[in-house]
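Got a structure for you, questions after.
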2 protein chains.
Amino acid sequence: MADPVVRSAPPAPSSAPSSAPPTAPARAGRATLVDVAAAAGTSASTVSRVLHGGAGVTDELAERVRAAARELGYSVNRQARTLRRGKDTAIGVALEDFTIPFFGRIVAQVEQAAHERGYGVVITCAGSGRSEEEAVEPLLSRSVAGLVVATGTAGAPEGYLAALAAELPVVQVDAPSASSHSDTVGIDNEAAGRLLTEHLLAHGHRRVLFVGSGPAATTVQLRRRGYEAAMREAGLEPLSTWLGYLPSETTERAVDVLREHTASGAPGGGITAVLSGVARVTMGLASAMARLGLRDLAYAAVDDLAGADAFSPPLTVLEQDVEVMGARAAELLFARIDGDRRPPVHERVPLRLIVRGSGELPPR
Amino acid sequence: MADPVVRSAPPAPSSAPSSAPPTAPARAGRATLVDVAAAAGTSASTVSRVLHGGAGVTDELAERVRAAARELGYSVNRQARTLRRGKDTAIGVALEDFTIPFFGRIVAQVEQAAHERGYGVVITCAGSGRSEEEAVEPLLSRSVAGLVVATGTAGAPEGYLAALAAELPVVQVDAPSASSHSDTVGIDNEAAGRLLTEHLLAHGHRRVLFVGSGPAATTVQLRRRGYEAAMREAGLEPLSTWLGYLPSETTERAVDVLREHTASGAPGGGITAVLSGVARVTMGLASAMARLGLRDLAYAAVDDLAGADAFSPPLTVLEQDVEVMGARAAELLFARIDGDRRPPVHERVPLRLIVRGSGELPPR
DNA sequence: CTGAAAGCGCTTACAG
DNA sequence: CTGAAAGCGCTTACAG
């Protein structure tokens, strides 16, 4: 094994002796390209080619390099690669709330897709008071190759995200509206609100309350718009209310709201059905109903919930295939990263009504 | 303001700087240290000191540097810093399953703690067939400064994690057992199984079925051990079964199991109570009960579930403060990263019994 | 107090 | 087909 080079400056920290370290892990930490090169009796360039570049190396040499790499347990230092290449093999994911299964199911899909492609996933939380910008900056300073943004109810990110999308691929999930600057994957929110409302109306309900988080949640606003349209077309007066954005207060507020609207002296004689506009609110309302013992209120919601089939009262739901949303978001993102330059794509996943007992008009 | 340097090559995308530019990866947007130095009429060293090192720079110069940095929208390139320093300002989080709120609540806390300290969070999924090693390697190749591992039911990671913990700080959450090599945060699993069983027994139940995911889930095994001890001490025969590790099959299997054990001809006359050993199983059992209309089966579970208070039948639960678990895990990890060299710490978070209707022995 | 220089580990155009 | 060399952006001894 020729060893023409004096093995460029054995790095000081607890380094092995000079010249040719046969197999010994050079430094305290991980083996480097140079370590592998030395072990294989070749140069770093060649090792790099064999391990990543692919073409143009003799079979015999390539095999020697691979053996050495294996033996030393070599794996690439991403920082160095990224610094050199300019873009990290990592994507960023900005989520509104990790504790809500909807978002968890999105990350799970995105992580899977990233893993398959050898990409890492850096996450950041964009909910509860943290601005989009504050949430995303840490990802940018890591040179992520692209971004999945799922901050559905977090606010109106148009401005900042538009600027961002000009610099790197961005896919929005559960996006408030089809934005012109980046790909989006989501449902038809307005249709969702309308469908559920029409379902309730078709079963005899007249006093249906729409409950959302707050007016700043664009997704929810669209769903409400659908609800209101359906109500008005049926000659009914829409009625909606908000529970706010704080997870810790959601259930309490739901209790208050339901008390008010089911009381004997409630405006219009009290509601017979509730329509929830978003997952966290759905949970809060369910807990509140259980606590208040409201067993004869029809209940429908846009997002399906894990375990919702065990809820009481039964929850009628407009199920969206969240796994498909997450998977498609990842596919679109990686297509962009791989150079896809088509105009922004806006995908809608289909909705499926799952009726669980909101059918019967409860006894008055 | 002197400007001694020719302002090293205003980085127009793929511009050709002064001397020898054989290699110039086209860098899109971000300003570099050198850009800031040029703008402030000083050197990169000084800019670095002002922005991060802190001490030893004239106020006047420092201010000029900060102004320039602000103006250029400078933020540090993490790759370069990490490459230079050796350790990334990022931590890794390996989770079993993102879609289960338990894990989501852990990440949420860890992410918050990391964000406060200027650390990034790289995630990886260690569930469903992916080995610990395969899951963690991508994090190591990014030089994360430490690792939070929450793979409760994923298997027996002792060997690999022990080796890992020798190289960088690792904190295990919901750990199968107090391991000697790394910090752990969790509950007393055996006590948990025992407590819930004793609760059911105290209310007259004699035929209690324990349901877990599978024998490889160490956490669940410990909970089952507590259940069995309590049963035996009461002179009763333990009875347990598994639903397997596949999320997609959990509910189906739960239906089968419940059918079998509540049938008229069931061994011993059929069960009156079910004890679930882990969150996913709890969900599956709840759905199965709803589907089978089993309204008079007492139901208890170790993990609390979001929305569990709306379940039917009511779910008695041993609540663990998951937020505290996540927060403590992060604190322990950052203490280690900051140089804490105490022997491994094993923290237990307290358990709280939340009784929701499993009290009454159902009518026979 | 400040700057020039080296080098972290990698990739890649360039030369041989 | 292969290697020497440059340089990604940063930090940090080391001089001045």
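Protein chains get the first letters and strands the later ones, always in sequence-line order, with residue 1 at the start of each.
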Would you say A:Arg78's side chain and B:Ser141's backbone share a donor-acceptor pair under 3.5 angstrom? no

What is the distance, rounded to the nearest whole Å, between atom CG of A:Leu51 and atom C1' of C:dT12? 16 Å

Using atom CG of B:Asp88 as one end and atom P of D:dC10 as the other, report the distance to the nearest whole Å. 14 Å

Take atom CG of A:Leu33 and atom P of D:dA6, then tell me their distance rounded to the nearest Å. 18 Å

Return whichever of B:Arg85 or B:Ala44 has its heavy-atom-nearest nucleotide of DNA chain C closer to the 5' end. B:Ala44

For A:Ser43, check side-chain contact (heavy atoms from CB on, under 4.5 Å) against everything at least two apart and list the hits. A:Ser45, A:Thr46

DNA chain C base-pair string [pairs: Watson-Crick or G-U under 3.5 Å; |: paired with another strand]: |||.||||||||.|||

Please determine if a side-chain N or O atom of A:Ser45 lies less than 4.0 Å away from the OP1 or OP2 oxygen of C:dT12. no

Among side-chain atoms of A:Thr82 and A:Asp88, is any donor-acceptor pair under 3.5 angstrom? yes

Using atom names, set out every protein N or O paired with an N or O of nucleotides 14-16 of chain D below 3.5 Å, distance rounded to 0.1 Å.
none

For a quick test of reading the model, state the closest non-hydrogen atom pair linking B:Gly120 to B:Ala114 and the distance between them. O-CB, 4.4 Å

Short question: side chain of B:Gln79, backbone of A:Arg142 - any donor-acceptor pair under 3.5 Å? yes

Inspect the contact between A:Arg117 and A:Glu331 and indicate whether a charged nitrogen and a carboxylate oxygen are less than 4.0 angstrom apart. no

List for me each residue that meets side-chain contact (heavy atoms from CB on, under 4.5 Å) alongside B:Pro169, sequence neighbours excluded, and say none if there are none. B:Leu333, B:Arg336, B:Ile337

State whether the side chain of A:Asp174 and the backbone N or O of A:Ala150 hold a donor-acceptor pair below 3.5 Å, judged by distance alone. no

Close approaches to DNA chain C from residues 74-84 of chain B, in residue order (heavy atom, under 4.0 Å): B:Leu83, B:Arg84

Residue-phosphate contact under 4.0 Å: A:Ser43 side-chain N/O, D:dG3 OP1/OP2: yes

Who are the side-chain contact (heavy atoms from CB on, under 4.5 Å) partners of B:Thr124, not counting sequence neighbours? A:Glu111, B:Ala94, B:Arg130, B:Ala135, B:Leu139

If the plane angle is over 60° it's perpendicular, under 30° parallel, otherwise tilted; pick one for B:Tyr119 and B:Phe334. perpendicular

Any donor and acceptor pair, going by atom type alone, linking the side chain of B:Asp183 with main-chain N or O of B:Val345 inside 3.5 Å? yes

According to a strict under-4.0 Å criterion, is B:Thr58 in side-chain N/O contact with OP1 or OP2 of C:dC1? no

